[in-house]
Amino acid sequence: MSEKTTVVVHPAKNIEGGIRLPGDKSISHRYAMLGALAEGTTRLDNFSTGKDCANTLECLRELGCQSEITQKGQTLSVTIQGCNMQLSAPQRALNCGNSGSTIRMMSGILAGQPFSSELIGDESLSRRPMARVIQPLTQMGAVIASAEGNRPPLHIAGGKLRAIEYDMPLASAQVEACLLFAGLFAAGETRVRGQVRTRDHSELAMRAFGLEVNRKLNEVSIRGGQKLRAIEGGVPGDISSAAFFLCAAGLFPGSQLVIDSLGLNPTRARLLDFLIQLGVSIKVTHLEELHGELVGTVQVEGGKLKGCRIAGGDTAALIDEIPVLAAIAPYTTDGIEIRDAAELRVKESDRIATVVRNLRAMGAEVEEFPDGLRVPGGQTLHGAQIETFDDHRIAMAFAVAGLRANEDTEIRGAECASVSFPGFFDLLESLTRR
Ligand code: S3P
């Protein structure tokens, strides 16, 4: 990790302005990997500026797929030279950094390559569970060795794969992506079933690259041996990054925020429903489709926030937005309860524990459960020193909580925000009225 930085967040009056956000992280990973497998050159505008997606590009370069990044202001464009399904054996370990998406999705691709590779990550990634991809990829014919407890590093001996029908034991879009990518290299039709719907970027991206992917309710399937053609396109703004600004604006009567070109894929936009339920005024305009992804402009006016309970399929749909929803919960009138969220314990940090710890540091009352937390409403928080535990979403969530605290809030280890959003703190400051 780079040097530790502390950012001080001062109490705010409200949030005002119009912004456009860097490209969606989930979509950027998928477009980069599919671009690498395609024939021809893929050009992507508004690619994610986060370190996670830079790690994906770096891994692909190590596998022989060259890419070039150009920066115009805050916006990145990327061109990727496709390798037409055939990557080259890497000369060194592929470093996925902090990125669970990179290691899990790349595993699916590497399982289908006729060479061995090693995937490594930083301290946080090295603690994260990989059995969820090791097990089905092994069933498909890959040979995978891992560190104790099915953690990275992963050594993958790829080769000929066979299609499987797989019932995912947990709701994970990363696992689904991994298996669909592996399915491209398998003989037969690979079917992946989930208990609940998760983000469907994989199938939309695969169709954009010319592949036939079939979806029936919670089952998605792909026939192996298909070819991909390169695309030229743009990546919608990242709604999980937008979440911090939407929640910040929602906190204050008098806030007025407009975010344009924002990804509004229905499998990702559940946050808007919950913000409306909490009492935030939201208007969506200028809807259009970009390679199957819904994009639009979102206008937000803050108000008095009520409360809500998030559980079941909603938790899976909101998984990356839960830290910020929990961080604003004390300021609602009725509080927020989150359940069925045990998966949060194996993200970049144990997000239930790190949210609870930091809310308590700010003086909040909060109840912790194995699968979630309950934060009563009507609380006043004081400033505190926030520990990010090198987790980007914890850093950004507590910057938002700090806006309505009574004193300054210090975010220690704030540099980790760059994993998904390098410009976050400057942008938040530019929108904050005091
Ligand atoms: C992602 C899926 C989610 C999410 C992650 C990105 C994706 O992870 O938390 O930030 O792009 O598919 P899981 O699939 O592990 O839930």
Side-chain angles (χ1 to χ4, degrees), residues 23-34 47-48 50-53 55-56 96-109 121 124-125 127-136 150-152 166 168-181 192 194-206 218 220 235-236 238-244 263 265 267-271 293 312-325 338 340-352 354-355 371 391-394 396-397 416-417 419-421:
D24 186 271
K25 179 160 87 69
S26 291
I27 300 174
S28 296
H29 282 301
R30 287 164 172 82
Y31 282 180
M33 292 184 200
L34 293 170
F47 193 77
S48 166
K51 277 190 187 158
D52 271 8
C53 293
N55 282 327
T56 286
C96 305
N98 192 246
S99 176
S101 297
T102 307
I103 198 166
R104 293 188 178 128
M105 294 182 202
M106 287 296 302
S107 298
I109 294 174
S124 150
L125 190 61
R127 285 193 299 267
R128 295 181 67 187
M130 296 297 144
R132 56 190 65 194
V133 293
I134 295 174
Q135 211 198 350
N150 292 303
R151 324 258 157 205
Y166 190 68
M168 284 192 290
L170 43 91
S172 170
Q174 289 177 353
V175 174
E176 187 185 85
C178 164
L179 299 181
L180 290 175
F181 290 175
V192 186
Q195 293 149 5
V196 293
R197 277 300 284 275
T198 53
R199 61 193 74 190
D200 65 0
H201 303 304
S202 301
E203 66 204 76
L204 298 183
M206 289 175 108
N218 285 354
V220 61
V235 182
D238 193 323
I239 190 162
S240 295
S241 299
F244 302 103
N265 177 321
T267 63
R268 282 289 294 288
R270 197 72 54 89
L271 174 70
E293 292 285 352
D314 288 331
T315 301
L318 278 166
I319 197 76
D320 292 338
E321 287 74 68
I322 285 176
V324 68
L325 282 168
I338 292 150
D340 304 316
E343 187 59 23
L344 283 179
R345 295 206 180 268
V346 290
K347 291 289 181 191
E348 287 83 331
S349 69
D350 173 345
R351 287 184 174 160
I352 296 178
T354 49
V355 163
D371 71 333
D391 184 335
H392 56 130
R393 298 206 196 277
I394 298 300
M396 296 187 278
C416 63
V419 154
S420 60
F421 195 170

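Reckoned from all heavy atoms, side chains included, excluding hydrogens, waters and symmetry mates. Counting starts at 1 for both ligands and their atoms, following the listed order.
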Is there a donor in the side chain of [X] and an acceptor in the side chain of [Y], or the other way round, less than 3.5 Å apart?
X      : Y      : result
Ser124 : Glu348 : no
His201 : Ser26  : no
Ser202 : Arg30  : yes

Please state which protein non-hydrogen atom is closest to [atom] and give its distance, to 0.1 Å?
atom                    : result
atom 11 (O) of ligand 1 : Ser26 OG, 2.7 Å
atom 12 (O) of ligand 1 : Arg30 NH2, 2.7 Å
atom 4 (C) of ligand 1  : Asp320 OD2, 3.3 Å

Per-atom contacts of ligand 1 with [X], taking only distances under 4.0 Å to non-hydrogen atoms:
X      : result
Lys347 : 3 (C), 4 (C), 8 (O), 9 (O), 13 (P), 15 (O), 16 (O)
Ser172 : 13 (P), 14 (O), 15 (O)
Met105 : 11 (O), 12 (O)
Ile319 : 9 (O)
Arg104 : 15 (O)
Ser101 : 6 (C), 11 (O)

Determine, for Glu176 against Arg132, whether the closest basic-nitrogen to carboxylate-oxygen distance falls under 4.0 angstrom.
->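 Salt bridge: no.
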
Any ion pair linking Arg268 and Asp238 (charged N to carboxylate O, less than 4.0 Å)?
-> yes

Over all atoms of both residues, closest heavy-atom pair of [X] and [Y]:
X      : Y      : value
Arg104 : Pro129 : NH2-O, 2.8 Å
Met168 : Gly194 : CE-CA, 3.9 Å
Lys347 : Ile319 : CE-CG1, 3.9 Å

With heavy atoms under 4.0 Å as the rule, classify the contact between Glu176 and ligand 1 as side chain, backbone, both or neither.
-> neither

Has ligand 1 got any nitrogen or oxygen that is less than 3.5 angstrom from a nitrogen or oxygen of Ala173?
-> yes

